[in-house]
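The structure appears below as structure tokens.
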Amino acid sequence: MFISGASRGIGLAIAKRVAADGANVALVAKTAEPHPTLPGTIYTAAEEIEAAGGRALPIVGDIRDGDVVAAAVAKAVEQFGGIDICVNNASAINLGSIEEVPLKRFDLMNGIQVRGTYAVSQACIPHLKGGDNPHILTLSPPIRMEPKWLQPTPYMMAKYGMTLCALGIAEELRSAGVASNTLWPRTMVATAAVQNLLGGDESMKRSRRPEVYSDAAYAILTRPAREYTGHSALCEDVLLESGVTDLSVYNCTPGEVELGVDLWVDSANPPGYTGP
């Protein structure tokens, strides 16, 4: 697996989930030194991946730089002999309006989300082609065109850009048997972004654990690539399709709690879900 931005949170959870099967994981991220408000570094993430049962190759770099991405992919291929899975996880968030978000921040979000997804996918594709079950998974939402979902404009543009990239790749590589799908949670997920930007402890209590994302990602990545591509999937729906019957096991707060519904999603649970 080659994954961007996996030094913490959802990306790290996905990396550790495949590591439990003994997978090799190359992770590229910028956090080499401890951050004052964010947990972990790329090196502590690598330690956790190896403790989970895999082998890790931490690579410090900015995915907005195409040369850095190409070198990172080449290093991963040299170390592990190839790439079977590409995960576009890296993302920056600012929920301000077009009047509030300066161009510098707009460029950061679109640089990481859109350019980064394009660069990482493009560099991995030659190594994915011809693989036994090659997958690209992009962590971005379904594209919803209802007026209420067309804001906040800057963040919407960046996240929709990731999805458009992923869906375009799915069509371009369909005949080559390389799957490309997107995955997004129905609820807030307990990460540093939720803690620091979206309401702190109260929002964390109304979130699901990162494993809701990593378990769903694992379910997609183990599906036959030629049979499952071009989808914008939601984590909870994927889990139910995979045999999970109780989504409450992923809740951060035991018992009944009103979960915070994520952007671009209508409800915390799939239609018809009757479990706890």
Test item: [X] and [Y] side chains (from C-beta on) under 4.5 Å apart, heavy atoms:
X	Y	value
Thr229	Ile136	no
Pro270	Leu234	no
Ser4	Val28	yes
Ser214	Glu211	yes
Ile83	Leu128	yes
Asn89	Ile14	no
Pro271	Asp266	no
Trp184	Thr163	no

Task: side chain to side chain donor-acceptor pair (under 3.5 Å) partners of residues 46-62, not counting sequence neighbours, each pair once - done: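 Found Lys16-Glu48, Asn24-Arg55, Asp62-Arg64.
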Between [atom1] on residue [X] and [atom2] on residue [Y], distance to nearest 0.5 Å:
X	Y	atom1	atom2	result
Leu259	Met188	CG	CE	8.0 Å
Asn269	Thr187	CG	OG1	8.5 Å
Arg115	Asn110	CZ	CG	12.0 Å
Ser140	Lys159	OG	NZ	6.0 Å
Leu173	Ile125	CG	CD1	4.5 Å
Cys235	Ile10	SG	CD1	7.5 Å

Could you tell me whether the side chain of [X] and the main chain of [Y] form a donor-acceptor pair under 3.5 Å?
X	Y	answer
Tyr228	Thr222	no
Asn181	Gly230	yes
Asp262	Val265	no
Ser7	Ala45	no

Open item on the list: Heavy-atom count check: over 12 atoms from other residues, nucleotides or ligands less than 6.0 Å from Tyr118 OH?
Closed with: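 Counting other residues, nucleotides and ligands, OH of Tyr118 stays at 12 neighbours or fewer.
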- [ ] Count the heavy atoms of every other residue, nucleotide or ligand shown that sit under 6.0 Å from CD1 of Ile98, and state whether that count exceeds 12.
- [x]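 Not buried by this count: 12 neighbours or fewer within 6.0 Å.
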Of all heavy-atom pairs between [X] and [Y], which one has the smallest distance, and what is that distance?
X	Y	value
Asn133	Ala225	OD1-N, 2.7 Å
Tyr155	Met109	CD1-SD, 3.8 Å
Pro210	Val189	CA-CG1, 3.6 Å
Ile42	Leu27	CD1-O, 3.3 Å
Ala268	Arg208	O-NH1, 2.9 Å
Asn88	Ser121	ND2-OG, 3.0 Å

In the single-linkage hydrophobic clustering (I, L, V, M, F, W, Y; side-chain heavy atoms under 4.5 Å), do [X] and [Y] co-cluster?
X	Y	result
Tyr160	Ile112	no
Val73	Val87	no
Val178	Leu137	no
Leu263	Leu164	yes
Ile3	Ile169	no

Open item on the list: Before you tell me yes or no, could you show the steps for Glu146 and Lys148 under salt bridge (charged side-chain N to carboxylate O under 4.0 Å, His left out), namely the whole-Å CA-CA distance, both residues' side-chain angles and the distance that decides it to 0.1 Å?
Closed with: CA-CA 6 Å; Glu146 298 95 324; Lys148 71 175 181 176; over 6 Å; no
TODO: Decide yes or no on side chain to side chain contact (heavy atoms under 4.5 Å, CB included) for Arg223 and Glu241, but give the supporting numbers first.
DONE: CA-CA 12 Å; Arg223 290 179 177 180; Glu241 292 165 7; 3.0 Å; yes
Task: Verdict with supporting geometry, Glu100 and Asn94, side chain to side chain contact (heavy atoms under 4.5 Å, CB included) - done: CA-CA 10 Å; Glu100 297 167 331; Asn94 186 311; over 6 Å; no
TODO: Test Trp149 against Met156 for side chain to side chain contact (heavy atoms under 4.5 Å, CB included), laying out the working first.
DONE: CA-CA 8 Å; Trp149 293 130; Met156 175 273 294; over 6 Å; no
Task: Of all pairs that satisfy salt bridge (Lys or Arg N to Asp or Glu O under 4.0 Å), the ones with a partner from residues 163-185, not counting sequence neighbours - done: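 Listed once each, the pairs are Glu171-Arg174.
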Task: Tyr273 and its side-chain contact (heavy atoms from CB on, under 4.5 Å) partner, picked from Thr245, Asp237, Asp246 - done: Asp246
Open item on the list: Before you tell me yes or no, could you show the steps for Asp215 and Val244 under side chain to side chain contact (heavy atoms under 4.5 Å, CB included), namely the whole-Å CA-CA distance, both residues' side-chain angles and the distance that decides it to 0.1 Å?
Closed with: CA-CA 10 Å; Asp215 286 355; Val244 173; over 6 Å; no
